[in-house]
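So the structure is just underneath, and the comments pick up after that.
Everything quoted here is computed from the prediction, not taken from an experiment.
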Amino acid sequence: MHNGIKAFFSSISRNVWFGIKTSYLASKKYFLLKCFVLLSTTFIPLMTIWLWKEVLNGIVNIRESAETVIICLAAYLLLKLFAYLLARFDEYVNKRYSVELQFYIESVMIDKTSRMDLSFFDSASMGDKVRHARSNFYIMTEMTWYVFDIISEIVNIIATLVIVCAYKWWIGLATLVLLIPFMIYNKKHTEKRLDMEKEQLRDNRKQDYYSGVFFENKVQFEIKLNNIGGYFIKRYQEVWSKLYRINKKEDIRHNIINTGILILDVSSELIVLIVSVADVVAKKIGIGDLQYNLSMVTRLREQASALMDDINRFIVNNTRLSELQEFIALKPEIEKSGTKLPSQNPKIEFCNVSFRYPNSEQYVLRDCSFTIEPYEKVGLIGLNGAGKSTIIKLMFRFYDPEEGCIRLDGADLKEYDIYAVRKVFGVLFQDYVTYCLPLREIIALSDFEERFNDEKLKKACDMSGFSEVISDWEEGFDSVLGRFYADNGKDLSGGQWQLVGLARAYFKESEYMILDEPSAALDPISEDRIFEQLYRLSERKSSVTISHRLSNTTLADKILVIDDGHIIEQGSHFELLKMNGKYAHLFHLQASKYI
């Protein structure tokens, strides 16, 4: 029991410090200004209530205390004016601070996710963690303000309780006792809402997905083609209705119980009003004291309620902040690279490699072994799902093998600086990415420092065949592709986008080219030109080409045939034809279609 309490308070103190530190780092200036505002608003209300009491009492005896009334009224008005100006200033600080805070926490989030392993994004539970983390980033700053609010409320409660008890000690005690049902219920309701939030997290993601498809251009094409918009709308409505029913039921229950508790809670004000009126009639206190007593009891109740609310939120947010800290503390395993630097044309060895994707029971590679020598041009072929693209991803160490190892120049891939390894390769994946950016930046993403080198850009476009597409563009390399934010953005076909991706791979001027279905969306003429250039321009260079069209790999030094997760055949085109095995069967099957 003792250890549990100690761990709880240790967690709270650790998270408080984490929230304060992060909020401070987001904007030091606005953090300090906010602290000043919070501390100022702690004492101003108490002073204004006291001054108003003196004004009312002085008005009753205006002949004897006219000067006091004027001074107190002037001070009261000045404090009210200062409080008004302070509130406007607080609005400005909150607005500017929220902008800087949002920028800071989004930057932290983007930086964190950019460093995560690909396996992180393969997991739906990790997707929940990302969503939860993003939705809870505001907690970091809230925890800071909760600390200051709690301190302010404690000071206010002590001050008002002393004042109320000085009048009638039992009224102060009764006010606090009547708050107990509210405190207990508020805590339970807050905990239930937190549990409901966690339970509904996956449904909220589904709801976002079903509505989000209508804002994706590529998905819209299929929605209109197949007239399936109603399907997504129906699924969205089903999830929305489910969540609405659950939340509505809880809201009704909460409002009924909360109304009853509130009536009990405010009865303390009725008590002090009755007692104070009786004392005014008996001429024990003045009319100003009546107002003062009522205001103080009201403030005591409001501050005690606010304190309980903040403590409950603080405890709830402590759980959320712990989850947030867990996310930020996640460390990428693969990105923890070694220190060795690779050669420009390394020897690559797969040694008995077995691999399956995270959260999958099926192995993509099983006991897979092969060698790619320096300066060797290799074709990698196999049926869909055979593991061709997976081999490339393992070479780049996007994932690590479950069994076996991958070697570069005889050393385990894990010993190398992974960013240096990836820099060796010029790459075009079959799932090419489209960007809404100026063309020069899209091509230069593989070597961004050279984005203003027009000569190098032209060379890459010439090699890929994209120069023909942009020959009549007025803005040339400064033309924006895509229309996500540019009204005059250039719309490209799938084949043209693939040429842009190929230009990006050539722009890097790597000694080692990796092309994963580089011609999947191209016409036969463009396809023939790409592979003719690949073999003509890559002398003394290494390359690995994945293609379903076996005619594109016939000039390779070595062809690797993958099936059932491992290499079943390897050799040159003519050597494999002589074997009369899997490769020969696939080649003759394709060739027969052209006869």
Decide yes or no for [X] and [Y]: does some side-chain heavy atom of the first lie under 4.5 Å from some side-chain heavy atom of the second?
X      : Y      : result
Phe507 : Leu445 : no
Asp447 : Lys456 : yes
Phe398 : Arg422 : yes
Leu560 : Phe350 : no
Val424 : Ser510 : no
Ile391 : Phe370 : yes
Ile233 : Phe214 : yes
Tyr236 : Gln207 : yes

### Task
Could you check Asp417 against Thr339 for side chain to side chain contact (heavy atoms under 4.5 Å, CB included), going step by step and ending with a plain yes or no?
CA-CA 5 Å; Asp417 181 331; Thr339 57; 6.0 Å; no
Of all the heavy-atom pairs spanning [X] and [Y], show the shortest one and how long it is.
X      : Y      : answer
Ala460 : Ala503 : CB-O, 3.4 Å
Ala411 : Glu415 : CB-OE1, 3.9 Å
Pro346 : Asp409 : CA-OD1, 3.5 Å
Ser542 : Pro374 : OG-C, 3.8 Å
Phe396 : Ile418 : O-CD1, 3.4 Å
Leu394 : Pro401 : CD2-N, 4.2 Å

Separation of [Y] [atom2] from [X] [atom1] (nearest 0.5 Å):
X      : Y      : atom1 : atom2 : answer
Phe466 : Leu502 : CZ    : CG    : 11.5 Å
Leu25  : Tyr104 : CG    : OH    : 4.5 Å
Ile514 : Met395 : CD1   : CE    : 4.0 Å
Ile567 : Leu365 : CD1   : CG    : 8.5 Å
Asp454 : Asp478 : CG    : CG    : 7.5 Å
His588 : Leu586 : NE2   : CG    : 10.5 Å

### Task
Dump the intermediate steps for salt bridge (Lys or Arg N to Asp or Glu O under 4.0 Å) on Glu455 and Lys458, then the final yes or no.
CA-CA 5 Å; Glu455 183 179 342; Lys458 184 178 184 305; over 6 Å; no
### Task
Kindly indicate, with the supporting measurements, whether the criterion side chain to side chain contact (heavy atoms under 4.5 Å, CB included) is fulfilled by Asn247 and Arg193.
CA-CA 9 Å; Asn247 292 322; Arg193 272 297 181 189; 3.3 Å; yes
Relative to each other, are the rings of [X] and [Y] parallel, tilted or perpendicular (30° and 60° limits)?
X      : Y      : answer
Tyr210 : Phe232 : tilted
Phe587 : Tyr583 : parallel
Phe355 : Tyr399 : tilted

### Query
Would Ser543 and Leu515 count as a side chain to side chain contact (heavy atoms under 4.5 Å, CB included) if you check the C-alpha gap in whole Å, the side-chain angles of each, and the deciding distance to 0.1 Å?
CA-CA 8 Å; Ser543 68; Leu515 301 176; over 6 Å; no
### Of Val469, Leu457, Ile470, the residue whose pairing with Leu439 passes side-chain contact (heavy atoms from CB on, under 4.5 Å)
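For Leu439, the side-chain contact (heavy atoms from CB on, under 4.5 Å) check succeeds only for Ile470.
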Main-chain N/O of [Y] paired with [X] side-chain donor or acceptor, under 3.5 Å:
X      : Y      : answer
Lys388 : Leu383 : yes
Arg407 : Lys347 : no
Thr545 : Gly379 : no
Gln496 : Ser493 : yes
Ser241 : Glu238 : no
Arg440 : Arg451 : yes
Arg366 : His566 : no
Glu569 : Lys582 : yes

### Query
Any cation-pi pair here, Lys459 with Tyr506, using under 6.0 Å and within 45°?
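The answer is no; the distance or angle limit is not met.
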### Query
Can you tell me if CZ on Phe448 sees more than 12 non-hydrogen neighbours from other groups inside 6.0 Å?
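Above 12, so yes.
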#### Entry: Pair Lys414-Arg397, side chain to side chain contact (heavy atoms under 4.5 Å, CB included): steps then yes or no
CA-CA 8 Å; Lys414 295 179 182 179; Arg397 213 177 159 220; 3.7 Å; yes
### Message
One pair to check against side-chain hydrogen bond (donor to acceptor under 3.5 Å, both in side chains): Tyr209 and Arg205. What are the steps and the verdict?
### Response
CA-CA 6 Å; Tyr209 175 75; Arg205 286 191 71 194; over 6 Å; no
